[in-house]
Amino acid sequence: MAKEKTIDYKSTLNLPKTDLKMKANLNQMEPDILRNWEENDLYKRIRQSSKGKTKFILHDGPPYANGHIHLGHCLNKILKDIIVKSKTMSGMDSYYVPGWDCHGLPIEYQVTKDLGPKKQTKSTYEIRQMCRSYADKFVNIQRDEFKRIGVFGDWEKPYLTMDYGYEATIASELGNVMKSGNFYRGKKPVYWCYHCQTALAEAEVEYEDKLSPSIYVKFPLITEELKKRFPTIERKKVFALIWTTTPWTLPANLALAVNPDFTYVAADFEDGVYILAEELIEKVLGAGTRIIEKFNGKDISGIKFKHPFYDRESIVTEGDFVTLDTGTGIVHIAPGHGQDDYEIGKKYNLDIYAPVDERGEFTKEVEFFSGLFVYDANKNIIEKLKDVENLLKEEQLTHSYPHCWRCKNPIIFRATPQWFISMEENELRSKSLREIDEVKWIPDWGKERIYSMIENRPDWCVSRQRAWGVPIVVFYCKECDYVLEDPELVFHVSEIFNRHGSDAWFNLDVKELMPPDTACPECGNKEFVKETDILDVWFDSGVSFSYVLENNPELNMPADMYLEGSDQHRGWFHSSLLVSVGTRNKAPYNSVLTHGFVVDKEGEKMSKSKGNVIVPSDIIKKYGAEILRLWVSAEDYRGDIRISTEILDRLVESYRKIRNTFRYLIANLNDFDPRKDGIEYNDLEEIDKWILHKLGVSTKKILNAYDQYEFHIVYHELQRFCIVDLSSIYLDSQKDLLYTFYTTSKKRRSSQNAMYVILSSLIKLSAPILTFTSEEVWRYMPGDKEESVHLSAFPDPGDISEEFEEKWSKLLQYRDEILKALEIARNDKFIRSSLEAGVQIYSGDEDKSFILDNLELIRVLSIVSHVEVINKPPTDSDYVLNSSEINGLIVKVKMAPGEKCDRCWTYRASVGKNSTYPTICDRCVANLEERDI
RNA sequence: GGGCCUAUAGCUCAGUAGGUUAGAGCGUACCCCUGAUAAGGGUGAGGUCGGUGGUUCGACUCCACCUAGGCCCA
């Protein structure tokens with residue numbers, strides 16, 4: 001009765017303790033960590049500690065320096081970052097040099113748009129200066145945004161395609177292409193504005209409705225064989241019938257095109273026999289028109305017709321683009337005035353004929369119409385067709401037609417001189433295909449995709465009629481128009497670019513760009529003019545391997561990896577391959593990894609009009625960059641990857657669980673110092689050896705997943721391990737020991753040893769993904785350690801022995817069955833806490849000894865106060881589980897014998913036996929006295 | 001229109017070379033704990049594998065077609 005006041009046993013426990021906050025507050029924590037990294041120059045330290053190790057070079061594909069980053073950028077850069085970090089932690093030297101693509105139309109377009117009419121007052125050089133500063137601004141913006149999401153790299157020394165040195169490289173690589181003999185000048189139709197007298201890019205064209213003539217034109221048959229093949233129409237006049245809305249292109253007609261797979265007919269109609277697609281006959285000639293013959297498109301391929309008003313042949317070609325939507329199924333082909341027409345022209349070796357000048361007027365060679373403006377000429381041409389009786393029908397049609405973005409006039413298609421890289425010369429195509437085969441494509445279908453693109457692509461048109469880019473270094477003789485296309489001259493100019501940038505092309509006089517006394521090899525004249533075209537920006541980025549990889553001894557050529565979205569099979573992977581094979585005879589990469597695109601909840605593309613756009617800054621603000629990183633890791637990037645608030649909310653839950661697991665481990669290690677309290681593996685408790693074994697299994701799986709670039713496996717395994725193995729099994733069952741055993745007791749230290757290894761391993765394994773949190777938690781980890789988790793190496797999974805698996809899966813199976821039985825009792829309010837229960841197990845003979853041998857482990861794993869084996873099945877059915885999993889197993893739940901210990905809450909027979917501590921058990925008494933029991 | 005890709009529980013993913021009642025975590029429902037507490041634990045309910053047809057003794061897994069979505073072309 002002297003002991004009336006209850007002793008506060010809670011204060012005698014070793015409860016978890018830590019300053020690490022449960023709430024992450026990522027939006028605040030992340031910038032703090034970033035600042036700290038910056039102050040300590042972490043990236044430089046990583047570089048230093050990587051010296052001499054095997055290299056793994058991921059070469060960055062330069063994003064376009066325009067606008068803020070979107071989720072696609074995040075996906076791309078975070079994937080790269082995970083790889084670079086995981087390679088670094090695997091003991092490799094993975095130097096990452098980010099880059100930006102700076103030249104090109106979008107920036108020029110934006111700048112000139114902002115200038116408006118003032119554009120006229122600016123020189124090319126001035127416009128280029130504005131473009132340069134525009135790009136510079138967005139490089140800085142994007143750099144900060146990439147750093148904010150935790151991407152490591154040499155942000156102080158990125159490569160920009162507008163660096164003087166880079167521009168010089170673009171020029172010199174052009175020189176190399178020239179040297180190889182792949183560079184040539186040809187003609188190709190481009191969008192042309194006759195009003196602005198300039199070529200337009202796709203993006204500078206706006207589609208608007210336009211009223212055009214719609215005419216059906218007859219091409220008289222020349223080839224006699226066709227008549228012979230179809231004797232029934234021998235005596236008739238035969239025509240191919242075409243339809244067009246651009247009569248002005250008829251003077252440039254050189255061919256007709258049919259679809260080889262369509263059925264065509266010869267139809268008897270009024271004055272003659274017309275050939276057209278069967279399906280369109282009613283639409284064009286009316287119902288009831290008599291069909292005389294039928295044949296396939298390919299049957300009339302090669303047949304010759306006469307031009308409707310010139311004394312010239314027009315041959316029938318085959319084109320897959322011919323459709324049955326409109327017209328007659330036969331398309332008039334003017335290779336100088338249309339994209340499809342051009343392809344046909346190339347394929348059939350026709351002249352790329354475009355007798356229209358830059359003002360949109362027919363040149364003097366055009367009979368009947370010379371000097372006429374094309375749109376005015378439409379009516380003259382129609383008149384002419386009527387005169388020669390080759391016009392079947394004339395109508396008017398309103399249709400969507402491209403217009404100039406600036407002057408709003410309808411554009412024309414017009415072939416102009418352009419520069420090309422030949423696919424055939426120097427066997428560029430076949431060599432590229434061979435190289436594709438040598439590269440590892442991830443996923444493997446990437447190989448087939450780029451292969452068929454390279455296999456089928458036409459020659460690469462690399463000239464652009466723009467200002468913001470690197471000029472095509474070619475000169476023209478003022479006297480004789482000789483094209484001075486000399487690699488040595490290009491290398492000379494490249495040197496100038498190296499010092500002054502490619503602006504020099506626009507600032508300096510021709511003479512200053514050429515070595516003194518350069519003379520035309522044709523006529524000896526020394527006066528030249530500069531080419532005004534610039535290079536395609538795909539050529540710019542395509543030479544990055546040369547400027548970045550080959551120029552820096554810390555990097556490697558070929559790169560170990562290029563990693564971009566799957567659209568780059570036609571973009572950067574493609575152009576880099578062609579330039580590298582064309583000049584080096586090898587691919588610039590050993591492996592290429594592609595990812596899909598970010599789509600919404602429904603798997604649909606994000607767009608402003610759909611209103612389903614999610615921007616990174618909002619995610620960072622609301623959830624933190626870490627959640628964005630976790631998202632990248634959790635999704636399988638090989639297909640399209642979805643994002644939604646539900647997905648993000650799930651990830652936040654998942655993040656919390658991982659963070660809390662880390663926190664709990666740290667909190668239980670607050671009195672642990674591995675330097676003093678370390679225990680040899682062999683001396684550890686069995687359960688601790690088991691959890692370390694599970695850690696080894698997980699580690700192996702995770703490391704393998706990093707190796708295979710399957711980060712979603714890393715995420716799932718990390719999460720699973722934390723939740724299942726650790727939180728719900730190991731940690732929950734260790735609480736009793738951790739809290740109630742005296743601080744330095746062997747069992748407690750054994751557990752702490754295991755937890756220490758687990759914590760250290762998990763932090764490291766998660767570091768490439770949870771870049772910030774791993775660092776934050778790392779600081780709380782006891783013991784000797786590197787200054788930053790990002791300077792540490794991945795853990796070694798060790799030898800994984802199977803000895804545990806069999807025994808422990810059996811133990812855990814008993815645990816499962818006991819938990820089910822407890823649930824029956826709990827739902828009936830027979831027990832509440834599992835410690836109130838004492839469990840009786842009845843089983844077959846062979847299992848009986850196993851259970852007896854492991855009675856204490858089973859008790860600990862089930863977190864009950866008492867477990868016993870009974871020899872006969874229970875007589876009553878209260879709280880009895882007849883196991884459906886383990887044959888013959890019966891589990892019965894009773895109240896645990898003894899009283900509840902005030903200190904450890906376990907029910908024990910010894911409670912009340914000690915006069916000094918009448919309310920606690922013998923185990924707790926021993927622990928209070930720091931004795932082992 | 002063509003090439004390539006994707007389609008498994010509400011969400012994110014597994015499912016080895018075709019073979020017993022398709023797995024996991026989350027979420028959810030119900031319950032417990034209050035010594036990880038804006039935490040922790042337990043039990044349960046959710047898919048017939050986008051659809052159709054075929055091959056096979058047997059298919060989520062092979063073939064064909066279709067649908068939806070994505071990338072790149074036209």
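Per chain, numbering begins at 1; letters A, B, ... match sequence-line order.
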How about A:Tyr191 and A:Phe413: are their ring centres within less than 6.0 Å of each other? yes
Should the pair [X]-[Y] be classified as a salt bridge under the 4.0 Å nitrogen-to-oxygen rule?
X	Y	answer
A:Lys820	A:Glu817	yes
A:Glu646	A:Lys601	yes
A:Glu776	A:Lys21	no

By nearest atom, which of the nucleotides [options] is closest to the [X] side chain?
X	options	answer
A:Asn660	B:C13, B:C31, B:A39	B:A39
A:Met453	B:C72, B:U37, B:U12	B:C72
A:Arg832	B:C32, B:C71, B:G27	B:C32
A:Lys610	B:C32, B:G70, B:C4	B:G70
A:His716	B:C26, B:G70, B:C13	B:C13
A:Gln719	B:G25, B:C4, B:G70	B:G25
A:Thr740	B:C11, B:C13, B:G35	B:G35
A:Met22	B:U43, B:A36, B:C71	B:A36
A:Asp732	B:G41, B:A14, B:G25	B:G41
A:Arg720	B:G25, B:A36, B:G10	B:G25

Both A:Ala634 and A:Gly596 contact RNA chain B. Which one's nearest nucleotide lies toward the 5' end?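 The residue whose closest nucleotide sits nearer the 5' end is A:Ala634.
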Here's a test of your reading of the structure: between A:Lys601 and A:Ile863, which maps to the more 5' nucleotide of RNA chain B? A:Lys601
Nearest-Å distance for atom pair [atom1]/[atom2], residues [X] and [N]:
X	N	atom1	atom2	result
A:Asp649	B:A38	CG	P	20 Å
A:Glu602	B:C11	CD	P	9 Å
A:Trp460	B:C73	CH2	P	14 Å
A:Glu653	B:U12	CD	P	15 Å
A:Ile729	B:G40	CD1	P	15 Å
A:Gln339	B:C73	CD	P	12 Å
A:Lys820	B:C30	NZ	P	22 Å
A:Asp340	B:G1	CG	C1'	12 Å

Between [N] and [M], how many Å separate the two [atom1] atoms, rounded to a whole number?
N	M	atom1	result
B:G47	B:A24	C1'	14 Å
B:C66	B:C4	P	14 Å
B:G23	B:C60	C1'	13 Å
B:G46	B:C30	C1'	15 Å
B:C11	B:A64	P	29 Å
B:A22	B:C49	C1'	8 Å
B:A59	B:G54	C1'	12 Å
B:G50	B:G70	C1'	15 Å

Searching all strands shown, indicate the nucleotide that pairs with [N] (Watson-Crick or G-U wobble; both distances under 3.5 Å).
N	result
B:C13	B:G23
B:A45	none
B:U34	none
B:A64	B:U52

Got a second to check how far A:Leu759's CG is from A:Leu665's CG, nearest 0.5 Å? 5.5 Å
Taking N and O atoms by type only, does the side chain of [X] place a donor or acceptor under 3.5 Å from a partner on the base of [N]?
X	N	value
A:Glu823	B:G42	yes
A:Arg638	B:C5	no
A:Ser727	B:A36	yes

Between A:Phe672 and A:Pro782, what is the shortest heavy-atom contact and its length? O-CB, 3.4 Å
I'd like to check, for A:Trp905, whether its ring lies over the base of B:G35 with centroids under 5.5 Å apart and a plane angle smaller than 30°.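 Stack criterion met.
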Can you see if the side chain of [X] gets near the phosphate of [N] - specifically, an N or O under 4.0 Å from OP1 or OP2?
X	N	value
A:Lys657	B:G41	yes
A:Tyr715	B:G25	no
A:Arg815	B:G42	yes
A:Lys17	B:G35	no

Describe, in one word, how the ring planes of A:Tyr342 and A:Phe420 are oriented to each other, choosing from parallel (under 30°), tilted (30 to 60°) and perpendicular (over 60°).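 Ring orientation, 0 to 90° scale: parallel.
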Do the rings of A:Trp572 and A:Tyr562 sit parallel, tilted or perpendicular, given the 30° and 60° boundaries?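 Ring orientation, 0 to 90° scale: parallel.
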Contact class for [X] vs. all strands (heavy atom < 4.0 Å): base, sugar-phosphate, or nothing?
X	answer
A:Ile723	sugar-phosphate
A:Phe597	sugar-phosphate
A:Arg650	base
A:Ser452	sugar-phosphate
A:Lys10	base

Ignoring hydrogens and geometry beyond distance, is a side-chain donor-acceptor pair present between A:Thr906 and A:Lys900 at under 3.5 Å? no
By the rule that syn is within 90° of 0, classify the base conformation of B:G46 as syn or anti.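 Chi for B:G46 falls in the syn range.
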